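Just so it is clear: chains get the letters A, B, ... in the order the sequence lines come, proteins before strands, and each one is counted from 1. As a basis for the values below, the full set of heavy atoms in this structure was taken, side chains included, without hydrogen atoms, waters or symmetry mates. Given the structure is predicted, the values throughout are model-derived calculations rather than measurements.
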There are 2 protein chains.
Amino acid sequence: MEVVTLKDIAKALNLSTSTVSRALRDSYEINEKTKILVAEYAKKVNYRPNPIALSLKDNKSRAIGVIVPEIANNFFSQAINGIEDEAYSRGYHVVICQSHESLEREKENLRHLFERRVDGILISLSGKTMDIEHILEYSESNFAVVFFDRVPDSEGFHKVVADNFLGAFAATEYLIKQGKKRIAHITSPLTLSITKERLEGYKKALEKHGIEVDNQLIKHCGFDPEEAKAAVNEIMNYQNPDAFFTCSDRLALHCYEAYQNRKNELSAETEFFGFTNLNVSHLFSPKLSTVVQPAYEMGTRAAKILLDQLESKRKVKDFEKIVLETYLKIS
Amino acid sequence: MEVVTLKDIAKALNLSTSTVSRALRDSYEINEKTKILVAEYAKKVNYRPNPIALSLKDNKSRAIGVIVPEIANNFFSQAINGIEDEAYSRGYHVVICQSHESLEREKENLRHLFERRVDGILISLSGKTMDIEHILEYSESNFAVVFFDRVPDSEGFHKVVADNFLGAFAATEYLIKQGKKRIAHITSPLTLSITKERLEGYKKALEKHGIEVDNQLIKHCGFDPEEAKAAVNEIMNYQNPDAFFTCSDRLALHCYEAYQNRKNELSAETEFFGFTNLNVSHLFSPKLSTVVQPAYEMGTRAAKILLDQLESKRKVKDFEKIVLETYLKIS
DNA sequence: AAAAATCCTGAAAACGATTGCATAAATTAA
DNA sequence: TTAATTTATGCAATCGTTTTCAGGATTTTT
């Protein structure tokens, strides 16, 4: 498979590169016969415009960046599937970076993507990201940014999120309807938008059913397995709950593990509910029910907004916030 | 963050772009004072060479492509982590594509990456890929290819694989030492290199311990959950085995699910062994032990070979085949 | 003091594509 | 027949870099 350029075609057909270029893009200035001649030859030699030359010409890379905490996590890998499907179908490349829940890495990712001249990025913030100064810095220079899942409070950005409030509310209410009264809630750091919304959903459900919120049953922790374990232990030392509702993919699994290890100290009826997209949760025992986010759709929607913005002439002024429904996967 | 070009610097300092370019790359031809002047100014305005211009210039994109069956699979997402770490640290971008176990998609991925002018690719073949005609087509035009995990039989390529034979041998032997005598083996289609090697390991272990190979206990199937279920059912209808040894990440999980559903029909001692990198296998019940591949290392090694080849002057003539050790994760 | 060597810098071409402008050739109008 | 118009094509600049070549200025050698 040899790489053919416009110049090669021009030389072969004894035309100028400009004529060939125009013929291929069906310009009105070119004779019909010439067009056919060129088109046939181009097809024969399998000509493809060099995307790098085009990028240089119009100062667009036709590539977008994605920054996620980690891809070895079903929620994010499903979201990436969505992003890639949308992007590839529209002729864009996708460059994936992982922040590994570190602000430093997130900054490096941003710099890297910016220097590589991606046209825009999709980002789900790291667990350590408190503000978005480092992103604002870039978003000025017509570098489009769309947030998904873990979004900042700030106005002035496109965002695609799950209905974290309702998801947490539904899960909590489900547990209550199962007769649970002491529902522990272990969740991610309060810096994350998702944390607050889910906590609200949890509290609202308790409130609706006349159960008092017990702050001792609520723990925040990071993504270190030890922290999760400690949180479960603390809660169990305080009082054995009859249900756990834990959030955030990775964290929920760490908690589940600690819970599984101490399951024998709990009543057989104790239930465990997560907020994850783990695609094998139904194979777990003791059972693990989860709130599932429409990860794939979140990916396509976020990518669509970004690409629409990149391809629109005028600057976007009103920012969309799309909220997608979650559903419960009861095991 | 404004984008600055060489020309901007040249204009600001009243020099020519060539002088600026040379100064920045510390050419011996440039006066020390000029160099310092340029370097300081470049730093001040945060100059970064435009990678797209460089790509055009030296006909390299400094991007590599990766084609895997799917990323929502721990083995591949870990391998990708390795690939990205190696590639980013050497200034390369990584473009990930998924074949979704389809030959058609694999071809599309190839075409896409080739047209996008990646400098080379890392590929793990789809479950439907019987030959590599479609890859040969490209590999001629100095488009480097390195295979990993699922590699073709053909000579003349760099390959990085796990020691599938030994991994399967060790798992089977472990089961035998646990007293199992009727070990079922459900595995991927024989078109895949990994299938053959693992099957050999399984047979060799039986042989070593004087257990006759029963072909009725061996089933090949694709990646559709129903096929896996059917395979488990067929085997159980034939004769209840006292152990299952199933291969290939996704497939092994499908089998496990079928097995879990019919567990009550089996003796309590029945064991299940998979060949997967699932990072939550220890949370499963009934227990799921697995042969684990060094996925991350496989990624870094494969990427290293590819990048070394891309950066070496002369054409590589002897091709490496790297075989990495697996280990057992007993639950 | 003239010739040779050294040092520093800039102009221009190249990579592959697009596009404004110029122009030759063919056609039509006067 | 000449002028005006249309048609079809090519030239050259552009995007941001690197690099070859050329040459002016300064220093060293004879």
Nucleotide [N], atom [atom2] - distance to [atom1] of [X] in whole Å:
| X | N | atom1 | atom2 | result |
| --- | --- | --- | --- | --- |
| B:N59 | D:dT17 | CG | C1' | 14 Å |
| B:K7 | D:dT18 | NZ | P | 14 Å |
| B:I9 | D:dT17 | CD1 | P | 8 Å |
| A:K11 | C:dA17 | NZ | P | 13 Å |
| A:N31 | D:dT6 | CG | P | 18 Å |
| B:L56 | D:dT19 | CG | C1' | 15 Å |
| A:E115 | D:dG16 | CD | P | 16 Å |
| B:N50 | D:dG16 | CG | C1' | 6 Å |

For the residue pair B:F114 and B:Y138, does the interplanar ring angle fall in the parallel (under 30°), tilted (30 to 60°) or perpendicular (over 60°) class?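 Rings of B:F114 and B:Y138: tilted, as their planes differ by 30° to 60°.
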Report task. For D:dT9, take OP1 and OP2 only and decide whether either is under 4.0 Å from a side-chain N or O of A:T19. Result ->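 Answer is no, no contact under 4.0 Å.
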Partners passing side-chain hydrogen bond (donor to acceptor under 3.5 Å, both in side chains) against B:S16 (at least two apart in sequence or in another chain)
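Checked B:S16 against side-chain hydrogen bond (donor to acceptor under 3.5 Å, both in side chains); matches are B:S18, B:T19.
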Mind checking whether A:Y88 and B:H112 have ring centres under 6.0 Å apart?
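Yes, they do, as the ring centres are separated by less than 6.0 Å.
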Which residue, B:K57 or B:R117, contacts DNA chain C at a nucleotide closer to its 5' end, judged by nearest heavy atom?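 Comparing both residues, the 5'-ward one is B:K57.
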What nucleic acid atoms does B:L15 come within less than 4.0 Å of, heavy atoms only: base, sugar-phosphate, or nothing?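 Answer is sugar-phosphate: B:L15 comes under 4.0 Å of backbone atoms only.
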* To do: For A:Y28, report the nucleic acid contact type (base, sugar-phosphate, nothing); a contact means any heavy atom under 4.0 Å.
  =>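 Here A:Y28 touches no strand at all.
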Which of the following nucleotides, D:dT19, D:dG10, D:dG16, is nearest to the side chain of B:S18?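 Taking heavy atoms from C-beta onward, the closest nucleotide is D:dT19.
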Within 45° of the ring axis of A:Y92 and under 6.0 Å from its six-membered ring centre, is that where the NZ or CZ of A:R62 lies?
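Relative to the ring axis of A:Y92, which defines the angle, A:R62 lies inside both limits.
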